[in-house]
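Some notes on the structure that comes next.
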Amino acid sequence: MPELIAKPAVDHAALTHGSCTLTPVDLGPIASIALFPGQEKAANKALKPLGLTFPAPNTLAHKDGAVLVWTGREQAFLIGVEAPDFGASGAVTDQSGGWSALRLTGAKAHDVLMRHVPLDLRLHAFPVGRAVRAPLGHMSAILLRESEESFLVLTFRSMARTAWHEVETALRTVAARG
C-alpha cells in the first residue's frame, strides 16, 4: 500500500522586501464551527475550558495558542487546538487540510495587502483583533489583524501558491516605492 506524505501548501522560506516579511505559517488544527439556531449559550459553555467565547462579527478571540475567528453568521474557525465537543449546539468539521496561512509583518504590511484587498486596512480602520472575509485579488480570504504590524491571511489550500505570488508581487512593488 502506498504511503502518503503530507506536504505544506507553500514550501517557501520567509521573504523580506523593504520593511515587510512574508512567511508561510502552519496553524495546526482548524475546525469550522457552525452554530445551530439559538445555540450560542451552549456553544460558549463548550468553549469555556479553552477560555474563549464565540466571537462577534468581524472579530477574533485568542488564548493560550487557541484562536477563534469569526468567519460568517454564527460561524467561526477554531485554530490551533482540537475542537471540544459541541454536542447538539453546532456542527464541527475539520478544515485543517483545506486552508493555508501566510503571515505578513512590517510597517507597510497594510499597504501591501491593500493592493489586492478592497478594504482600508490601516490601523485606525482595521484595528488589532479584527477579522474579516474579503477577496484577495480573485481569491476568497480571511484576514486577521494580529498586531499593529502583522496580518494573518488564510486562503483555500488550492490557492496558497497563487496567494503567495500575489502578495509577493505587491510586497516588491511597495518596497520599490519606498
Side-chain angles (χ1 to χ4, degrees), residues 9-10 14-35 40 43-44 47-84 95-96 99-137 139-156 159-160 163-164 166-175 177-178:
V10 176
L15 175 69
T16 300
H17 283 285
S19 66
C20 294
T21 301
L22 179 62
T23 310
V25 179
D26 179 5
L27 296 176
I30 302 172
S32 175
I33 303 162
L35 298 183
E40 187 170 341
N44 284 334
L47 291 166
K48 189 174 183 177
L50 297 175
L52 299 172
T53 58
F54 210 80
N58 296 323
T59 66
L60 62 96
H62 59 88
K63 185 169 185 175
D64 300 330
V67 180
L68 191 60
V69 181
W70 178 88
T71 57
R73 185 172 185 223
E74 297 189 1
Q75 295 179 358
F77 275 1
L78 180 60
I79 301 170
V81 296
E82 294 297 325
Q95 300 289 313
S96 304
W99 288 83
S100 172
L102 304 173
R103 179 168 285 122
L104 182 64
T105 59
K108 295 192 176 197
H110 63 282
D111 288 329
V112 172
L113 288 176
M114 286 193 307
R115 296 192 64 79
H116 294 292
V117 177
L119 296 171
D120 185 351
L121 299 176
R122 293 174 295 175
L123 188 59
H124 72 276
F126 198 81
V128 175
R130 178 69 51 97
V132 67
R133 284 192 95 124
L136 176 71
M139 299 165 277
S140 178
I142 300 171
L143 301 175
L144 291 72
R145 182 71 171 254
E146 296 180 305
S147 71
E148 288 184 22
E149 295 186 356
S150 178
F151 292 87
L152 191 63
V153 180
L154 282 72
T155 61
F156 294 123
M159 300 302 289
W164 177 277
E166 295 294 333
V167 176
E168 177 184 4
T169 301
L171 185 64
R172 291 178 191 271
T173 301
V174 169
R177 292 188 174 177

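This is a predicted model, so every value here is computed, not measured.
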ask   = To the nearest 0.5 Å, how far apart are CZ in F156 and OG in S140?
value = 4.5 Å
Within-4.5 Å side-chain heavy-atom neighbours: I30 and L78 = no
Step-by-step side chain to side chain contact (heavy atoms under 4.5 Å, CB included) determination, V174 to R115 = CA-CA 9 Å; V174 169; R115 296 192 64 79; 3.7 Å; yes
key: Within-4.5 Å side-chain heavy-atom neighbours: E166 and M139   = yes
key: Test log, rule ring-ring contact (aromatic ring centres under 6.0 Å, His included), inputs F77 and W99   = CA-CA 11 Å; F77 275 1; W99 288 83; 5.2 Å; yes
task = Please check if atom NE2 in H17 has more than 12 non-hydrogen atoms from other residues, nucleotides or ligands closer than 6.0 Å.
result = yes
remark   = side chain to side chain contact (heavy atoms under 4.5 Å, CB included) test vs E146 passes for just one of L152, V67, L104, namely L152
ask   = Got a second to check how far R172's CZ is from L22's CG, nearest 0.5 Å?
value = 10.5 Å
key: Close side-chain approach of S150 to L144, heavy-atom, < 4.5 Å   = no
request  = List the atom of W164, the atom of L15, and the distance in Å for their closest heavy-atom pair.
outcome  = CZ2-CB, 4.0 Å
ask   = Do H110 and R122 have side-chain N/O donor and acceptor atoms under 3.5 Å apart?
value = no
remark   = Heavy-atom nearest pair, G18 first then A175, reads N-CB, 3.8 Å
note = Between G28 and S96 the two heavy atoms that sit nearest each other are O-OG, 4.2 Å
inquiry  = Please determine whether side chain to side chain contact (heavy atoms under 4.5 Å, CB included) holds for the pair F151 and L102, giving the CA-CA distance in whole Å, both sets of side-chain angles, and the decisive distance to 0.1 Å.
reply    = CA-CA 8 Å; F151 292 87; L102 304 173; over 6 Å; no
message = Could you check whether any side-chain N or O of T59 sits under 3.5 Å from a backbone N or O of P55, counting only pairs where one atom can act as donor and the other as acceptor?
response = no
task = With side chain to side chain contact (heavy atoms under 4.5 Å, CB included) as the test, would you mind laying out the steps for V153 and V167 before giving the verdict?
result = CA-CA 10 Å; V153 180; V167 176; 5.6 Å; no
query = With no hydrogens and no angle check, is any side-chain donor or acceptor of R145 less than 3.5 Å from a backbone partner on E148?
reply = yes
inquiry  = I want to check something: taking the side chain as every heavy atom from C-beta on, are L171 and T16 in contact at a cut-off of under 4.5 Å?
reply    = no
key: W70 side chain reached by L60 side chain, heavy atoms, under 4.5 Å   = no
request  = State, to 0.1 Å, how close F54 and I33 come at their nearest heavy-atom pair, and which atoms those are.
outcome  = CE1-CG2, 4.1 Å
message = Evaluate L68 against L50 for side chain to side chain contact (heavy atoms under 4.5 Å, CB included), listing each step before the verdict.
response = CA-CA 10 Å; L68 191 60; L50 297 175; over 6 Å; no
ask   = Is there side-chain contact between L35 and Q75, with at least one heavy-atom pair below 4.5 Å?
value = no
ask   = Hey, are E149 and K108 close enough for a salt bridge, meaning a charged N less than 4.0 Å from a carboxylate O?
value = no
Non-hydrogen side-chain atoms of T53 and L47 separated by less than 4.5 Å = no
query = Rounded to the nearest 0.5 Å, how far apart are CG of N44 and CG of L52?
reply = 9.5 Å
message = Given 3.5 Å as the limit, does a donor-acceptor pair link the side chain of R133 with the main chain of T71, or not?
response = yes
Side chain to side chain, M114 and D111, heavy atoms closer than 4.5 Å = yes
remark   = Closest non-hydrogen atoms of I142 and V69, given as atom of the first, atom of the second and distance, are CG2-CG1, 4.1 Å
key: Nearest heavy-atom neighbours spanning S147 and V128   = C-CG2, 3.5 Å
